[in-house]
There are 2 protein chains.
Amino acid sequence: MQHRQTISKAEKVSPNSTKGAGRLVATWGSALQSQEEKNRLKRNSILHAAAQCFNSSGFHGTSMDDIAERLGVTKPALYRYVKNKHEVLDACFGLVMDMSFRHLEEGERKGRSGLEKLRLTIHGYLAELIGEFGHPVVILEEGALLPDQLCRLISRRDQLERRYRALVEEGMRDGSIIPCNAKLAVFALFGAMNWVPKWYRQGGEWSAEFVADQLVQLITRALDAHPESIRGDEEVVSVTCESHLNRLEANNAY
Amino acid sequence: MQHRQTISKAEKVSPNSTKGAGRLVATWGSALQSQEEKNRLKRNSILHAAAQCFNSSGFHGTSMDDIAERLGVTKPALYRYVKNKHEVLDACFGLVMDMSFRHLEEGERKGRSGLEKLRLTIHGYLAELIGEFGHPVVILEEGALLPDQLCRLISRRDQLERRYRALVEEGMRDGSIIPCNAKLAVFALFGAMNWVPKWYRQGGEWSAEFVADQLVQLITRALDAHPESIRGDEEVVSVTCESHLNRLEANNAY
DNA sequence: CCTACCGATCGGTAGG
DNA sequence: CCTACCGATCGGTAGG
């Protein structure tokens with residue numbers, strides 16, 4: 001009861017939606033921004049809490065009470081920042097898609113061949129997906145979206161897949177990637193990537209960087225037109241098991 | 001009302017649980033078997049209907065009414081063959097695990113190297129997973145299981161992973177598989193495999209056999225110690241895009 | 001941001 | 001195998 005005004009009062013004092021942008025921003029603006037920022041942060045923390053619940057229990061297995069409890073508030077408090085449960089799920093998917101496209105664009109920009117672009121994209125995506133910022137929803141609760149939300153998601157995801165595929169095809173043209181079925185290769189790649197949150201444990205034996213590196217290496221080997229260059233000496237294969245394990249341990253320690 | 005006795009009457013007539021096995025089996029046995037078989041088949045059809053619902057809507061997104069409707073009966077009719085909703089999910093997982101181990105054992109038996117055993121296992125699993133028999137649950141509704149059901153599932157799945165890993169390690173020893181982190185390789189492999197039901201469409205452009213073949217080839221390339229042997233001519237990489245696409249079309253037609 | 005509450009859905013059962 | 005129903009949970013809102 002004693003905190004209930006902290007937000008609604010601020011909203012009355014600053015009906016900023018009717019103001020022109022950029023005027024008196026130094027004083028009013030910073031105050032407004034910090035308030036908007038607060039709301040945005042709260043909404044964001046709701047989305048992250050929800051994503052974690054959805055990841056472990058699924059959309060229908062998660063109640064709004066669960067999400068609220070994780071944040072230490074009561075359910076009705078959430079409805080100031082989100083419209084309803086479906087909007088929460090939709091926004092979670094939005095966060096993941098934004099992140100996916102961000103890393104894709106970085107890969108496209110920095111890579112110098114199809115394969116290198118793909119490697120950069122995958123590494124960036126994986127590192128953030130399992131990094132300490134917390135893994136948002138990747139999983140398969142799309143069926144719980146409302147029809148028009150699902151439409152938009154599918155269209156974005158198709159676009160993402162097409163651009164991944166374009167990288168594979170570019171790599172086949174520039175000679176960095178072996179001839180293969182690009183569509184199927186991208187599906188396999190998505191599977192390997194999106195499965196990670198199922199088995200990765202934060203604070204476990206593997207760092208996020210290590211996992212991203214190793215998976216990129218594995219995927220690279222499946223697509224690389226010149227595997228010899230990353231494999232080093234061929235004959236090591238015939239060495240004893242223990243020596244191999246030692247090499248792996250060394251890699252693990254990285 | 002008029003059909004309600006078809007099963008309970010038969011059960012009263014033949015209290016077979018107290019009979020010794022193997023006596024008078026020729027006459028009584030076949031009658032009993034056909035009745036038991038009927039019940040077993042009905043239970044099985046419930047599990048398959050449920051698996052399809054769970055796959056598309058998740059455990060909590062599926063009601064017992066949904067499952068019943070898919071079978072053309074009413075909800076209470078299901079409870080003659082299954083104890084409750086959790087038992088249904090648990091039994092679905094059981095079917096998938098049984099299938100997984102079946103193909104693993106076939107691969108272990110028939111393969112002549114670590115890599116070949118792995119290839120056979122994966123191919124068999126994938127072909128059945130997406131074959132016309134209908135894909136059961138693979139997905140991630142484990143969180144919906146009851147604690148002791150989850151325990152058993154995890155223990156079986158760990159065992160499966162360990163045996164897959166053993167094949168990878170065997171391949172590293174016998175020189176068929178490149179030195180790599182076996183644990184991580186198996187995770188990536190499971191990801192690529194279990195993602196398939198998410199994108200595969202029955203009756204679409206790809207047959208189950210084609211997808212299984214292509215994925216096995218892709219996975220093989222990632223692990224093979226002698227990739228040259230399956231890649232054929234190296235220099236084809238520098239050919240134009242169209243020519244590659246033509247090659248792919250040819251593969252697709254297979 | 002909380003208490004209190006409504007309407008709907010759903011798992012499971014009674015009884016036939 | 002069906003009709004009818006109970007008890008519990010849950011999304012969302014009223015009102016302050």
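So you know, we letter chains A, B, ... as the sequences are listed, proteins then strands, and number each from 1.
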* How does DNA chain C look in dot-bracket notation if pairs are Watson-Crick or G-U with both distances under 3.5 Å, crossing ones as [ ], other-strand ones as |? -> ||||||||||||||||
* Donor-acceptor pair, Tyr125(A) side chain versus Arg102(A) backbone, under 3.5 Å? -> no
Side-chain polar contacts of residues 91-100 of chain A - donor-acceptor pairs under 3.5 angstrom, sequence neighbours left out - could you list them?
{"from": "Asp98(A)", "atom 1": "OD1", "to": "Arg156(A)", "atom 2": "NH1", "distance (Å)": "3.4"}
{"from": "Asp98(A)", "atom 1": "OD1", "to": "Arg156(A)", "atom 2": "NH2", "distance (Å)": "3.0"}
{"from": "Ser100(A)", "atom 1": "OG", "to": "Val96(A)", "atom 2": "O", "distance (Å)": "2.9"}

* Would you say the ring centroid of His86(B) lies under 6.0 angstrom from that of Phe59(B)? -> yes
* To do: Mind calculating the distance between CG (Asp66(A)) and P (dT9(D)) to the nearest angstrom?
  => 12 Å
Filtered N/O pairs between nucleotides 11-15 of chain D and protein, under 3.5 Å:
{"from": "dG11(D)", "atom 1": "OP1", "to": "Thr62(A)", "atom 2": "O", "distance (Å)": "3.2"}
{"from": "dG11(D)", "atom 1": "OP1", "to": "Lys85(A)", "atom 2": "NZ", "distance (Å)": "2.9"}
{"from": "dG11(D)", "atom 1": "OP2", "to": "Met64(A)", "atom 2": "N", "distance (Å)": "2.8"}
{"from": "dG11(D)", "atom 1": "N7", "to": "Lys75(A)", "atom 2": "NZ", "distance (Å)": "2.9"}
{"from": "dG12(D)", "atom 1": "OP2", "to": "Tyr79(A)", "atom 2": "OH", "distance (Å)": "3.0"}
{"from": "dG12(D)", "atom 1": "OP2", "to": "Lys85(A)", "atom 2": "N", "distance (Å)": "2.9"}
{"from": "dG12(D)", "atom 1": "N7", "to": "Lys75(A)", "atom 2": "NZ", "distance (Å)": "2.9"}
{"from": "dG12(D)", "atom 1": "O6", "to": "Lys75(A)", "atom 2": "NZ", "distance (Å)": "2.8"}

* Could I get the full list of ring-ring contact (aromatic ring centres under 6.0 Å, His included) partners for Tyr164(A), not counting sequence neighbours? => Phe190(A)
* Can any side-chain N or O of Ser57(A) pair as donor or acceptor with the backbone N or O of Phe54(A) at less than 3.5 Å? -> no
* Is there a side-chain polar atom (N or O) of Thr74(A) under 4.0 Å from OP1 or OP2 of dC1(C)? -> no
* Go through the steps for Lys110(B) and Glu106(B) under the test salt bridge (charged side-chain N to carboxylate O under 4.0 Å, His left out), then give the verdict. => CA-CA 6 Å; Lys110(B) 292 187 181 170; Glu106(B) 193 180 323; 3.1 Å; yes
* Of all residues at least two apart in sequence or in a different chain, which pass the salt bridge (Lys or Arg N to Asp or Glu O under 4.0 Å) check with Glu161(B)? -> none
* Could you list the residues that satisfy salt bridge (Lys or Arg N to Asp or Glu O under 4.0 Å) with Asp66(B), not counting sequence neighbours? => none
